[in-house]
Amino acid sequence: MKKVLDVSQTNGRKPAAPTVNRDPQKLVAVMLDTAPIEVECVDELPYPNMGAFYKNESQTLYVKRDIGDSVALCQCVAQELGHAELSMNSEAYSRRDMGFQAMCIGYMFCKKYGVDTKNFAISRIPDELKNKEPKEIKAELGKGQKAFKEIVSRVSDELYRQRSERSKEQER
């Protein structure tokens with residue numbers, strides 16, 4: 001006989017949340033619950049095709065009510081949380097200048113959690129980024145990566161907490 005330990009028993013780190021397909025509605029709820037900004041539900045947004053919109057002046061994420069497509073809502077919320085995180089981590093925020101980075105953050109988030117990514121046009125690199133020096137491109141990518149890690153960290157922590165609560169309830 002051998003003694004076998006679970007990974008969680010061998011070190012102080014908790015296991016990462018699995019990157020499996022998740023229910024987009026539940027994922028949106030977790031994203032909104034863990035958002036470091038104010039979240040408000042509204043009937044209309046400045047752009048009619050959007051499911052969510054981040055307004056930097058008020059540091060508020062506006063989410064449109066009654067969107068039937070939960071995948072599209074998850075994509076919009078992930079992208080707008082990217083805008084929010086980028087605005088918090090930079091001195092000068094411009095929605096237009098950081099739009100591509102926010103889209104990439106939304107894409108990476110959806111890819112990580114198994115949400116459809118066909119609506120993201122990440123293959124179209126903006127001219128401003130094409131004409132930059134490699135060091136500048138690396139710096140821009142670093143900002144996006146840092147923002148992505150912040151969002152994923154918050155969401156993963158909450159998913160881990162929910163999963164551990166469910167396992168405790170099942171033990172009872």
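Only this structure's heavy atoms are used, side chains among them; waters, hydrogens and symmetry mates stay out. Note that the structure is a prediction, hence the values are computed from the model and not measured. When a residue number appears, it is its place in the shown sequence, counting from 1.
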For [X], side chain to side chain donor-acceptor pair (under 3.5 Å) partners two or more places apart:
{"X": "R124", "result": "none"}
{"X": "E165", "result": "R161"}
{"X": "N119", "result": "Q75"}

In terms of hydrophobic clustering (I, L, V, M, F, W, Y; side-chain heavy atoms under 4.5 Å; direct or indirect links), are [X] and [Y] co-clustered?
{"X": "M88", "Y": "Y62", "value": "no"}
{"X": "L81", "Y": "F53", "value": "no"}
{"X": "V42", "Y": "V63", "value": "no"}

A side-chain contact here means heavy atoms from C-beta on lying under 4.5 Å apart; do [X] and [Y] qualify?
{"X": "P36", "Y": "R154", "result": "yes"}
{"X": "L27", "Y": "V77", "result": "no"}
{"X": "V155", "Y": "Y113", "result": "yes"}
{"X": "I37", "Y": "Y54", "result": "yes"}
{"X": "K111", "Y": "F120", "result": "no"}

From the options K143, E140, E85, select the one residue that forms a side chain to side chain donor-acceptor pair (under 3.5 Å) with Q101.
-> E140
Using the side chain to side chain donor-acceptor pair (under 3.5 Å) rule, collect all pairs that involve residues 24-40, keeping only residues at least two apart or in two chains.
-> none
Once rounded to the nearest 0.5 Å, what's the spacing between atom [atom1] of [X] and atom [atom2] of [Y]?
{"X": "I151", "Y": "M108", "atom1": "CD1", "atom2": "CE", "result": "8.5 Å"}
{"X": "D97", "Y": "L129", "atom1": "CG", "atom2": "CG", "result": "11.5 Å"}
{"X": "E150", "Y": "L86", "atom1": "CD", "atom2": "CG", "result": "11.0 Å"}
{"X": "E136", "Y": "N131", "atom1": "CD", "atom2": "CG", "result": "10.5 Å"}
{"X": "I137", "Y": "K130", "atom1": "CD1", "atom2": "NZ", "result": "11.0 Å"}
{"X": "K146", "Y": "K149", "atom1": "NZ", "atom2": "NZ", "result": "11.0 Å"}

Contacts of type ring pair (Phe, Tyr, Trp, His ring centres under 6.0 Å), residue F148, not counting sequence neighbours = none
How close do [X] and [Y] get, heavy atom to heavy atom, and via which atoms?
{"X": "D116", "Y": "C110", "answer": "O-CB, 4.4 Å"}
{"X": "L45", "Y": "M50", "answer": "CD1-O, 3.3 Å"}
{"X": "G51", "Y": "I67", "answer": "CA-CD1, 3.2 Å"}
{"X": "A52", "Y": "L61", "answer": "CB-CD1, 4.2 Å"}
{"X": "V71", "Y": "P24", "answer": "CG2-CG, 3.8 Å"}
{"X": "C74", "Y": "V28", "answer": "CA-CG2, 3.4 Å"}

What do you reckon, is CZ of R65 surrounded by more than 12 foreign heavy atoms closer than 6.0 Å?
-> yes
Which pairs with one or both residues in residues 71-102 pass ring pair (Phe, Tyr, Trp, His ring centres under 6.0 Å), sequence neighbours excluded?
-> none
Is a side-chain N or O of S87 found less than 3.5 angstrom from the main chain of A84, in a donor-acceptor match?
-> yes
